[in-house]
Amino acid sequence: SCGRRVWRNLGRLCRMSKGISNEKKEENRQLYRSIYEEYNKGDTTLALLGKKYGLTKQRIWQIVSRSSLGDGDYFYKD
């Protein structure tokens, strides 16, 4: 009984987590490109960008690093 409930809830979770919408993806693409371009100008720090955009410097680094792999596009396909 308890095991079935866990699997049922897990199934619900899997159906709910289908990723982000195309609209949100495009919104993030523009935001991440702005962050990437600002950082690459060389006149700011991860911490300052984090403060400006309300993100941690670690998250800014993730965005910049991944975006650099896709030539500025965070959502590139490898």
Side-chain angles (χ1 to χ4, degrees):
S1 147
C2 179
R4 277 191 291 224
R5 192 172 336 129
V6 168
W7 285 107
R8 194 172 338 134
N9 288 338
L10 184 59
R12 257 188 233 129
L13 261 175
C14 289
R15 285 191 301 275
M16 288 171 35
S17 60
K18 293 184 179 181
I20 62 174
S21 69
N22 287 335
E23 183 179 306
K24 185 66 176 170
K25 186 176 182 178
E26 190 53 41
E27 186 180 308
N28 286 347
R29 176 176 270 128
Q30 292 171 10
L31 172 66
Y32 296 166
R33 178 160 302 266
S34 296
I35 290 170
Y36 173 76
E37 289 174 353
E38 249 182 276
Y39 182 76
N40 280 330
K41 285 181 189 173
D43 58 352
T44 190
T45 65
L46 298 172
L48 286 174
L49 284 173
K51 191 170 266 193
K52 178 178 179 178
Y53 291 102
L55 302 168
T56 64
K57 66 181 182 179
Q58 291 83 1
R59 180 64 183 135
I60 296 292
W61 178 246
Q62 289 172 345
I63 292 167
V64 169
S65 297
R66 174 145 175 114
S67 295
S68 68
L69 296 174
D71 196 29
D73 184 8
Y74 181 89
F75 294 104
Y76 81 100
K77 302 279 190 218
D78 44 357

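Residues take their numbers from the sequence shown, with the count starting at 1.
- Lys41 meets the side chain to side chain contact (heavy atoms under 4.5 Å, CB included) test with Asp43; sequence neighbours excluded.
- For Arg33, the side chain to side chain contact (heavy atoms under 4.5 Å, CB included) partners two or more places apart in sequence, or in a different chain, are Glu37, Asp73.
- Partners of Glu26 according to the side chain to side chain contact (heavy atoms under 4.5 Å, CB included) rule, which considers only residues two or more places apart in sequence or in another chain, are Arg29, Gln30.
- For the pair Leu55/Ile63, a side-chain contact is recorded, criterion being any heavy-atom separation below 4.5 Å from C-beta on.
- Residues passing the side-chain hydrogen bond (donor to acceptor under 3.5 Å, both in side chains) test with Lys52, sequence neighbours excluded: Glu38.
- By the side-chain hydrogen bond (donor to acceptor under 3.5 Å, both in side chains) test, Ser65 pairs with Trp61, sequence neighbours left out.
- With sequence neighbours left out, the side-chain hydrogen bond (donor to acceptor under 3.5 Å, both in side chains) criterion links Tyr39 to no other residue.
- Listed by chain and residue number, Lys24 satisfy the side-chain hydrogen bond (donor to acceptor under 3.5 Å, both in side chains) test with Glu27 (two or more places apart in sequence, or in another chain).
- Within the 4.5 Å cutoff, no side-chain heavy atoms of Tyr76 are placed close to those of Asp71.
- Among all heavy-atom pairs drawn from Lys25 and Phe75, the shortest one is O-CE1, 3.6 Å.
- Here Leu31 pairs with Ile35, Tyr53 under the side chain to side chain contact (heavy atoms under 4.5 Å, CB included) rule; sequence neighbours left out.
- In this structure, Tyr36 has no ring pair (Phe, Tyr, Trp, His ring centres under 6.0 Å) partners at least two apart in sequence or on a different chain.
- One distance of note links CG of Leu46 with CD of Gln62; it measures 11.0 Å at 0.5 Å rounding.
- Thr44 and Leu48 get closest at one heavy-atom pair: OG1-CB, 3.6 Å.
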